[in-house]
Amino acid sequence: MIEEAKISKVIADTYYESFTKALNSDVIIVGAGPSGLVAAYYLAREGIKTTVLERQLNAGGGMSGGGIMMNQIVFQEEGKELLEEFDITYKEYEDGYYTANSIESVSALTFKAIKAGAQILNLMSVEDVIIKEKQLAGLVVNRTVIEKIGLHVDPIMMESQYVLDATGHDAVVVNKLIDCMGNILDTPDGKIQREAAMWAEQGEKDVIVNTREVFPGLFVSGMAANATFGGYRMGPIFGGMLLSGRKAAIEITECLKNK
């Protein structure tokens, strides 16, 4: 017999179990867009306890909508190997231009990340950062709906060894850090540099170069990396995003091994 209250209890019990496990992670990734999902996959595949926080209902970030709500996205030659790694169907449009369905791409990245062992918690927003001994040690988080309607409800805290800001143009964690600690980033003036104008080719290169640690314990990837270090934007071409996520995972993995 199916009981309505039992259905609710099953949801509450199983969510509570998984949620409490996420309170202490090796790595917290903020943002389940393309770079965050790719990073989650490569980290979890190495047995690293990885939690992804996504403020929206669904994963995918800006990838889902393609270009102006046409759900096709573009990859260049350098990104093709990652399309194959994630078993994403693609077509060659012409030399150097590959296209894929944005919904399939998001689904594939999400599925692979979860199957590798990453946990994704949606509808979660970052309120503040936790700093211990001049290093980022975790995040203060709350429900997105609480943030949106402005309720005064106390947040909860999640601890980790590293945090990856994969929140796109807003660079949410980087900005929270600056709000809390001042201009202490590993940039020329310690400030967030803000992204430059559109230049797709250079933006694709910038996003990989800029994927790195910007403060002890805090890495940036995707457009959060370009926003932090002043790189160009690139629009609905996503090879650099995937490569950025992989680079972030590789560097964080090395840091964890050396601790």
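Start at 1 with the first residue, then count along the sequence. Since this is a predicted model, take the numbers as computed values, not measurements.
- Remark: S107 pairs with no residue by the side chain to side chain donor-acceptor pair (under 3.5 Å) rule, at least two apart or across chains.
- Atoms OH and OG1, from Y162 and T253 in turn, are 10.5 Å apart once rounded to the nearest 0.5 Å.
- Summarising the geometry, atom CG belonging to L242 is positioned 6.5 Å from atom CG belonging to L83; distances are rounded to the nearest 0.5 Å.
- In the hydrophobic cluster analysis, where Ile, Leu, Val, Met, Phe, Trp and Tyr join through side-chain heavy atoms closer than 4.5 angstrom, L218 is grouped together with I184.
- Between V174 and F215, every side-chain heavy-atom pair lies at or beyond the 4.5 Å cut-off.
- Taking E46 as the reference, nothing meets the side chain to side chain donor-acceptor pair (under 3.5 Å) condition, with sequence neighbours excluded.
- A side-chain donor-acceptor contact under 3.5 Å links Q161 and D26.
- Note on F219: it does not cluster hydrophobically with V173, by side-chain heavy-atom contacts below 4.5 Å among ILVMFWY residues.
- Taking each heavy atom of A39 and L164 in turn, the nearest pair found is CB-CD2, 3.5 Å.
- At a threshold of 4.5 Å between non-hydrogen side-chain atoms, the residues L43 and I252 count as touching.
- R212 is linked by a salt bridge (charged side-chain N to carboxylate O under 4.0 Å, His left out) to nothing, counting only residues two or more places apart in sequence or in another chain.
- Taking every heavy atom of both residues into account, S64 and V106 meet most closely at OG-CG2, 3.6 Å.
- Annotation for I73 and S105: closest pair CD1-OG, 3.7 Å, computed over non-hydrogen atoms.
- Counting heavy atoms from C-beta on, the side chains of I120 and L37 come closer than 4.5 Å.
- Taking CG of D170 as the reference point, atom NZ of K176 lies at 10.5 Å (rounded to 0.5 Å).
- For residues 68-79, the set of pairs meeting the salt bridge (charged side-chain N to carboxylate O under 4.0 Å, His left out) definition, not counting sequence neighbours, comprises E77-K80.
- The line from OG1 of T99 to OH of Y93 is 9.5 Å long, rounded to the nearest 0.5 Å.
- In the hydrophobic cluster analysis, where Ile, Leu, Val, Met, Phe, Trp and Tyr join through side-chain heavy atoms closer than 4.5 angstrom, V140 is grouped apart from V172.
- Hydrophobic cluster membership is shared by V74 and M223, with clusters built from Ile, Leu, Val, Met, Phe, Trp and Tyr side chains linked at under 4.5 angstrom.
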May I have the list of side-chain donor-acceptor pairs in residues 48-62 shorter than 3.5 Å, sequence neighbours left out?
unit_1 : atom_1 : unit_2 : atom_2 : d
K49    : NZ     : K21    : O      : 2.5
K49    : NZ     : N24    : O      : 2.7
T50    : OG1    : I48    : O      : 2.9
T51    : OG1    : S25    : OG     : 2.7
E54    : OE1    : A32    : N      : 2.8
E54    : OE2    : Q56    : N      : 2.9
R55    : NH2    : E147   : OE1    : 2.5

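- A heavy-atom distance below 4.5 Å is found between the side chains of S125 and T144.
- Taking F75 as the reference, nothing meets the ring pair (Phe, Tyr, Trp, His ring centres under 6.0 Å) condition, with sequence neighbours excluded.
- Inspection of the Y232 and E204 side chains reveals no N or O donor paired with an N or O acceptor under 3.5 Å.
- What you find for E84 and Y90 is that their closest heavy atoms are OE2-OH, 2.6 Å.
- Residues L139 and L177 share a single hydrophobic cluster, defined by chaining ILVMFWY side chains whose heavy atoms lie under 4.5 Å apart.
- Not a single donor-acceptor pair under 3.5 Å links the side chain of N183 to the backbone N or O of D189.
- By the ring pair (Phe, Tyr, Trp, His ring centres under 6.0 Å) test, F19 pairs with Y15, sequence neighbours left out.
- The main-chain N or O of M124 is never found under 3.5 Å from a side-chain atom of N142 such that the two would form a donor-acceptor pair.
- Sequence neighbours left out, the pairs with a member in residues 30-45 that pass side-chain hydrogen bond (donor to acceptor under 3.5 Å, both in side chains) are S35-S221, Y41-R45, Y41-E85, R45-E85.
- A heavy-atom distance below 4.5 Å is not found between the side chains of V145 and L123.
- No side-chain heavy atom of M234 sits under 4.5 Å from any side-chain heavy atom of D206.
- Using a 4.5 Å heavy-atom cutoff, the side chains of I237 and Q76 are in contact.
- Atom CD1 of I68 sits in a sparse spot, with 12 or fewer heavy atoms from other residues, nucleotides or ligands closer than 6.0 Å.
- Counting only N and O atoms by type, the side chains of N210 and N226 include a donor and acceptor under 3.5 Å apart.
- Counting non-hydrogen atoms of other residues, nucleotides and ligands closer than 6.0 Å to CE of M198 gives a total above 12.
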Check: residues 2-12 side-chain donor-acceptor pairs under 3.5 Å, at least two apart:
unit_1 : atom_1 : unit_2 : atom_2 : d
K9     : NZ     : D13    : OD2    : 2.6

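- Pairs of residues two or more places apart, or lying in two chains, never qualify as salt bridge (charged side-chain N to carboxylate O under 4.0 Å, His left out) while including a residue from residues 91-115.
- Screening residues 241-251 for side-chain hydrogen bond (donor to acceptor under 3.5 Å, both in side chains) gives E81-R246, T211-S244 as the qualifying pairs, with residues at least two apart or on separate chains.
- Inter-residue side-chain proximity for S102 and Q72 is flagged as unmet; no heavy-atom pair is nearer than 4.5 Å.
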What side-chain donor-acceptor pairs closer than 3.5 Å can you find for residues 128-138, not counting sequence neighbours?
unit_1 : atom_1 : unit_2 : atom_2 : d
K132   : NZ     : E159   : OE2    : 3.0

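- In plain terms, the two heavy atoms of G36 and I29 that are nearest each other are O-CD1, 3.6 Å.
- A pairwise comparison of heavy atoms in T167 and G31 identifies CG2-N, 4.4 Å as the closest pair.
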